[in-house]
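Here is the structure we will look at.
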Amino acid sequence: MTPMGSCRGSSPTTSMAGPVLDMLLRVAVVLSALLPAARAAFTPADNYLVLCGTAANATVDGRTFLGDASLPASVLSASRGSEANASAAGSATGSDDAALYQYARVFAAPSSYTFAITKPGRHFVRLHFFPFRYQSGDLAADARFSVSVQGLVLIDGYSPVNGTAVVREFSVNVAGGTLAIAFTPTPTPAGKVAFVNAIEVVSHPDDLFGDAAQTVNPMGRYTGLSTLALETVHRVNMGSPKITPRNDTLGRTWLPDESFLVDSSVTVHKDVAPSTLRWTRGFATSETAPGMVYATATEINTTLMSASTISVQFNMTWKLQATPGSAYLLRLHFCDIVSKAANVLVFNVYVGGWTVLPDYEISRDTFSVQAVPLFKDFVLSAKDARGNITVSIGTSTLGNADPDGILNGLEIMRMVGSTGGEGAASSEGGSKKITIAIAAGSAVAGVTVVMALALTVLMVRRRKKPEKKPSSTWAAFSASALGSRAHSRSFGNSNSSGARNNTITLGQSAGAGYRIPFAALQEATCGFDEAMVIGVGGFGKVYKGTMRDETLVAVKRGNRQSKQGLNEFRTEIELLSRLRHRHLVSLIGYCDERGEMILVYEYMARGTLRSHLYDSELPPLSWKQRLDVCIGAARGLHYLHTGSAKAIIHRDVKSANILLDDSFMAKVADFGLSKTGPELDKTHVSTAVKGSFGYLDPEYFRRQMLTDKSDVYSFGVVLLEVLCARPVIDPTLPREMVNLAEWATQRLKNGELDSIVDQRIAGSIRPESLKKFVDTAEKCLAEYGVERPAMGDVLWCLEFALQLQEASLDSSGTKASPDSSGTDNTQLVLRNASRLHRNQSNASDGAEANLGDLDGMSMRRVFSKMIKSEEGR
C-alpha cells in the first residue's frame with residue numbers, strides 16, 4: 001500500500017506510464033482475441049487414481065482407480081495399516097461413485113503414501129472418506145486424525161460424520177520429485193485411527209490459479225496465491241444440473257446452485273449451446289471451467305421488476321457455509337449469454353456486505369464481444385469470513401443500464417498455506433515465462449510500433465496544451481479559502497475532440513463550488529489509488545485525499561459511463577453551493593476536466609452511521625451517541641425542508657448517507673437525488689421514483705407523488721436501524737425478517753420490543769427514552785404521508801428522548817442510572833419499555849395525534865423554544 005503523500009514527487013512521465021502500459025496491454029489482448037484460442041487439450045503429467053484397502057480396481061466416471069494393495073511397497077510407507085471392507089449395512093449405495101467407498105485403508109499409527117512426481121508444479125490432491133461399518137469396528141466412532149501434504153497440515157483433527165461420503169480437494173504446489181500424503185491418528189483419546197477410501201493425485205495447469213487477486217475489504221490487491229495450497233469448499237454451476245468428473249477435463253465436480261439460493265423466485269436459469277461460446281486467448285479456458293458452466297447462467301428475473309422508471313436495486317443472493325477463521329479465494333465465472341447486444345448488461349457484484357464490482361459491464365472486459373468466458377478472483381480475509389459467505393448480483397442504478405444481472409459459476413477455496421512451492425519457479429518456470437513473453441511479443445510487435453508512433457504524436461500534442469502541464473503549475477488549495485469564491489462556472493462532459501457538451505452554468509450563488517484542477521486531485525489521491533478508496537456508491541468511488549496544505553478531503557469520482565450521473569453532479573453542486581448548515585456535509589469544490597465529474601467534500605473521519613451499527617468491527621455506539629447522531633441528522637433534514645422558500649427533499653435518506661466527524665457529529669450527505677419541493681399551491685411533486693430499496697416511502701413508490709414526508713418515512717427506517725443494528729434488507733434471513741421496516745413494526749404491534757433492540761446496549765437505555773424513540777419511529781413509518789409528523793416534530797421528539805435518557809433524578813430525588821443495582825438489567829429495561837409502549841398503543845388517539853404533550857405545552861411551542869435557544873448559542 002502506498003503511504004499517504006508518498007506520491008507527491010512523481011513525475012509526469014511516471015504518472016503516464018500506467019495508462020500507457022495499460023493501453024498497450026489492452027491492444028495486445030484485442031489482437032490476441034482475434035486469434036483462435038487453439039490451446040491443446042490438457043494431459044496431466046501425473047495421474048494417480050488409487051482405491052485404498054484392496055487389490056481390486058474400480059471404474060468411476062470413466063476413470064479407473066487401481067487398488068493400493070497392488071502398488072509398490074515404497075508407495076505406502078511406515079505402516080500398511082489394515083484393509084477394511086464395508087458391511088452391507090454400512091456401504092455407500094445409490095450414487096455414481098459408490099464403488100469408491102466399499103473399501104478403506106485404516107491406520108493405527110502415522111503412515112503415508114508417497115507418489116513419484118513426473119513434473120513439479122500444481123497438482124490436485126483429492127481424498128475420499130466414507131466412515132462405514134466393518135467387521136472389527138465403526139469408522140465413524142473410531143476415527144479422528146490429521147492429514148498433511150509436504151509437511152503442511154491440510155486437515156486437522158478430522159472426525160467423520162456417520163453415513164456421509166466426503167471429498168476433500170486441495171490444489172498444492174509440488175516443488176520436488178515426490179509428493180507425500182501423511183495420515184496421523186489423534187493420540188488422545190487412545191485407540192483413534194486414521195483412514196482413507198480413495199486418493200487422487202492429478203496434475204493441473206500451473207496457470208489455473210494466478211498469483212494475484214482483488215481483496216474485498218478494503219479493496220486492494222493480494223499477491224502470493226501461486227505459492228499457497230487451496231482447499232475447494234464449494235464449486236457451483238449456475239443454472240444447470242450437476243457436472244461430474246466425466247464432463248470436466250480436470251476431474252472436478254460442480255454442484256447446481258438451487259440449494260444455495262436465498263430466494264430462487266427472483267431468478268431464472270438461462271442456457272445456450274456450448275458450441276456458441278467464444279473461447280478467447282487471454283481469458284478463461286476449458287480448464288478454467290467446463291463449457292457447460294459458461295453456457296448456463298442464473299439471471300435476475302427481470303419480469304418481476306416494474307416497467308416504470310423506478311430506480312431501486314434488485315438482488316439475487318447465494319449463501320454458502322464456510323469455516324470461520326480462514327481466508328478464502330472466491331472465483332466468479334461470467335459469460336454474457338443473455339444480452340441481445342453488447343454494452344447493455346451492467347450490474348453490481350457483492351461479496352458479503354461489500355461491493356466488489358460496482359456497475360460491472362462484462363462487454364468492457366471482452367471489448368464488446370459477447371459469449372466470451374472470463375472470471376474474476378477475490379480474496380476474503382479471515383476476519384470477514386464468519387461462517388457464511390454470501391455472493392450477490394444486483395441491478396445497477398446507472399440511468400442507461402437495463403435492470404439485469406447474471407452469474408455463471410462460483411468457486412470458493414480456503415487458503416491453507418505454502419507447501420514450499422515457491423522454490424518451484426526454477427529454470428523451467430523462467431524459460432516458460434520467457435517463451436510466453438516471446439510469443440506475446442511476436443503477436444503484437446507490429447501493433448506496438450504503431451502504438452508507439454501514436455503515443456509520440458499524443459505526447460507532442462499534449463506538450464502544446466499548457467493546461468495539461470505538470471502539477472507544479474497550480475497553487476496550493478485550502479478548504480478555508482474556497483467559501484468566499486463566487487464566479488460563474490460551467491461544467492460538463494468533453495467529447496473526444498475536446499468540445500464541450502451537456503454544459504451547465506452556475507450563477508453567482510454558486511460560491512461554495514470552486515473548480516479544482518484534475519491534476520491536483522490526482523496528486524491528492526496518489527493517482528486515484530485503490531488503496532485510497534473509502535467508499536463506493538451509485539455515482540462512483542469515494543477516495544480519501546490530502547491537498548497540498550494538508551487539508552483532508554473526500555473525493556467522489558463519478559462513473560464516466562453514467563448518463564444519470566451528470567444530473568446528480570449538477571444537482572449536488574447547485575444545491576450545496578447555496579446551502580450551509582453544520583449538519584450538512586460541505587462541498588469544497590468540483591472538477592469537470594477531461595470528461596470527469598468529481599466532487600470534493602470535507603472529510604468525515606468517522607465514516608458512515610451504517611458502519612457503526614453493523615457489518616464492521618467498530619465498537620457499538622452508546623444509546624446517547626445514537627440519539628445525538630439522530631438529532632444531528634434530523635436537524636440537517638429539517639433545515640432542508642424549511643431553510644429556503646421551497647422545501648428541498650433529499651430523496652435518499654439512509655444510514656450510509658449520514659456521516660460522522662471526529663467528534664461523532666452527524667452530517668447529511670449525498671444530495672444527487674434531491675428535488676425541490678412543490679409550489680405553495682401544490683401538495684406534492686410528481687416525479688419518477690428514486691431512492692434506495694428498503695428506505696423508499698411506499699406511498700411515493702405507488703403513486704410517484706413526492707413530498708417532504710417521503711424523507712420522514714426514510715428517516716423512520718434509519719431510526720429502526722439505530723434501534724436494531726441490522727441492515728434494512730438482509731436476504732440471508734428468513735422471509736418474514738428480510739425487510740427491517742416490516743419485521744420491526746410487526747414485532748412492535750405484537751408487543752415484542754425486547755426482540756428487536758440491539759442487545760449490546762439494551763441494558764443502558766431508560767425505558768421512557770426508549771418508548772419515546774420507538775413511538776417516534778412508528779409515527780414516521782405511517783403508511784400515508786399525512787399521518788406522519790413533520791421533520792421538526794421528529795426532531796423535538798428525539799430531543800425529548802435524549803432529555804429522558806439524561807434525566808439525573810428519579811421520582812424520589814435520588815441519583816438514578818439504568819443499572820443502579822450493578823446487575824444486568826437489560827430485560828427489565830426492555831420489559832418496562834414494552835409495557836409503556838403497549839399502554840400507549842391501547843390508549844385513545846386524541847392525545848397522541850401530535851406525538852404527545854409536555855406539561856400542557858404543545859410540541860410545536862416547545863420545539864419553537866428549542867430552536868430559539870439553539871439560535872441564541
Counting N and O atoms only, with roles assigned by atom type, does the side chain of [X] sit under 3.5 Å from a partner on the main chain of [Y], one being a donor and the other an acceptor?
X      : Y      : result
Asn750 : Glu752 : no
Ser611 : Gly607 : no
Gln625 : Ser622 : yes
His650 : Ala669 : yes
Gln805 : Ser764 : yes
His583 : Ala666 : yes
Thr355 : Pro358 : no
Gln759 : Asp754 : yes
Ser710 : Leu706 : no
Thr642 : His638 : yes

| task | Please determine, by modelled atom types, if Ser692 and Asp652 share a side-chain donor-acceptor pair under 3.5 angstrom. | result | yes
| field | Distance-only polar pair, side chains of Trp623 and Ser769, donor-acceptor under 3.5 Å | value | yes
Can you tell me how far apart [atom1] ([X]) and [atom2] ([Y]) are? Round to the nearest 0.5 Å.
X      : Y      : atom1 : atom2 : result
Tyr603 : Asp662 : OH    : CG    : 8.5 Å
Thr745 : Glu778 : OG1   : CD    : 7.5 Å
Leu637 : Ser714 : CG    : OG    : 9.5 Å
Ile389 : Leu330 : CD1   : CG    : 5.5 Å
Leu795 : Cys630 : CG    : SG    : 11.0 Å
Leu627 : Phe800 : CG    : CZ    : 12.5 Å

Over all heavy atoms of both residues, which pair between [X] and [Y] is shortest? Give the atoms and the distance, please.
X      : Y      : answer
Lys772 : Cys797 : CG-O, 3.8 Å
Tyr543 : Arg557 : CE1-CB, 4.0 Å
Ser655 : Tyr614 : OG-OH, 4.0 Å
Leu804 : Arg766 : O-CD, 2.9 Å
Val542 : Ala554 : CG1-CB, 4.2 Å
Thr608 : Ala656 : CG2-O, 3.4 Å

Please tell me if the side chains of [X] and [Y] come closer than 4.5 Å, counting only heavy atoms from C-beta onward.
X      : Y      : result
Leu640 : Phe671 : yes
Leu587 : Val600 : no
Asn388 : Leu320 : no
Thr215 : Phe378 : no
Met316 : Asp263 : no
Tyr601 : Ile588 : no
Arg651 : Ser674 : no
Val585 : Val668 : no

| task | Give the C-alpha distance, both sets of side-chain angles, the deciding distance and a yes or no for side-chain hydrogen bond (donor to acceptor under 3.5 Å, both in side chains) between Tyr695 and Glu721. | result | CA-CA 11 Å; Tyr695 297 90; Glu721 279 186 276; 2.6 Å; yes
| message | Would Ser586 and Arg580 count as a side chain to side chain contact (heavy atoms under 4.5 Å, CB included) here? Give the steps. | response | CA-CA 7 Å; Ser586 297; Arg580 283 288 175 180; 3.1 Å; yes
| field | Tyr350 ring center near Trp354 ring center (under 6.0 Å) | value | no
Side-chain ion pair, [X] and [Y], N-O less than 4.0 Å:
X      : Y      : value
Lys383 : Glu617 : no
Asp359 : Lys541 : no
Lys624 : Asp628 : yes
Lys654 : Asp670 : no
Lys709 : Glu699 : no

| message | For a side-chain hydrogen bond (donor to acceptor under 3.5 Å, both in side chains) check, start with the C-alpha distance between Asn315 and Thr317, then their side-chain angles and the critical distance, and finish with the verdict. | response | CA-CA 6 Å; Asn315 292 359; Thr317 300; 5.3 Å; no
| query | Can you check side chain to side chain contact (heavy atoms under 4.5 Å, CB included) on Ser381 and Asp384, steps first, answer last? | reply | CA-CA 5 Å; Ser381 66; Asp384 295 323; 3.0 Å; yes
| message | Around atom CD of Gln321, are there more than 12 heavy atoms from other residues, nucleotides or ligands closer than 6.0 Å? | response | no
| field | Stepwise side chain to side chain contact (heavy atoms under 4.5 Å, CB included) test for Ile729 and Asn739 | value | CA-CA 5 Å; Ile729 299 293; Asn739 186 293; 3.6 Å; yes
| task | Start with the C-alpha distance between Arg788 and Asp711, add both sets of side-chain angles, then the distance that settles salt bridge (charged side-chain N to carboxylate O under 4.0 Å, His left out), and finish with yes or no. | result | CA-CA 10 Å; Arg788 301 173 199 149; Asp711 279 353; over 6 Å; no
| said: Evaluate Arg626 against Asp758 for salt bridge (charged side-chain N to carboxylate O under 4.0 Å, His left out), listing each step before the verdict. | reply: CA-CA 12 Å; Arg626 298 186 194 203; Asp758 185 356; 2.8 Å; yes
| task | Go through the steps to decide whether Ile756 and Trp743 satisfy the test side chain to side chain contact (heavy atoms under 4.5 Å, CB included), and finish with yes or no. | result | CA-CA 9 Å; Ile756 69 171; Trp743 170 71; 3.5 Å; yes
| Are Asp793 and Lys779 close enough, and set up right, to give a salt bridge (charged side-chain N to carboxylate O under 4.0 Å, His left out), and what steps lead you there? | CA-CA 10 Å; Asp793 296 336; Lys779 295 294 184 183; over 6 Å; no
| message | As a quick check of understanding, evaluate salt bridge (charged side-chain N to carboxylate O under 4.0 Å, His left out) for Arg635 and Glu799, giving each step before the final call. | response | CA-CA 10 Å; Arg635 285 175 178 164; Glu799 293 271 15; 2.6 Å; yes
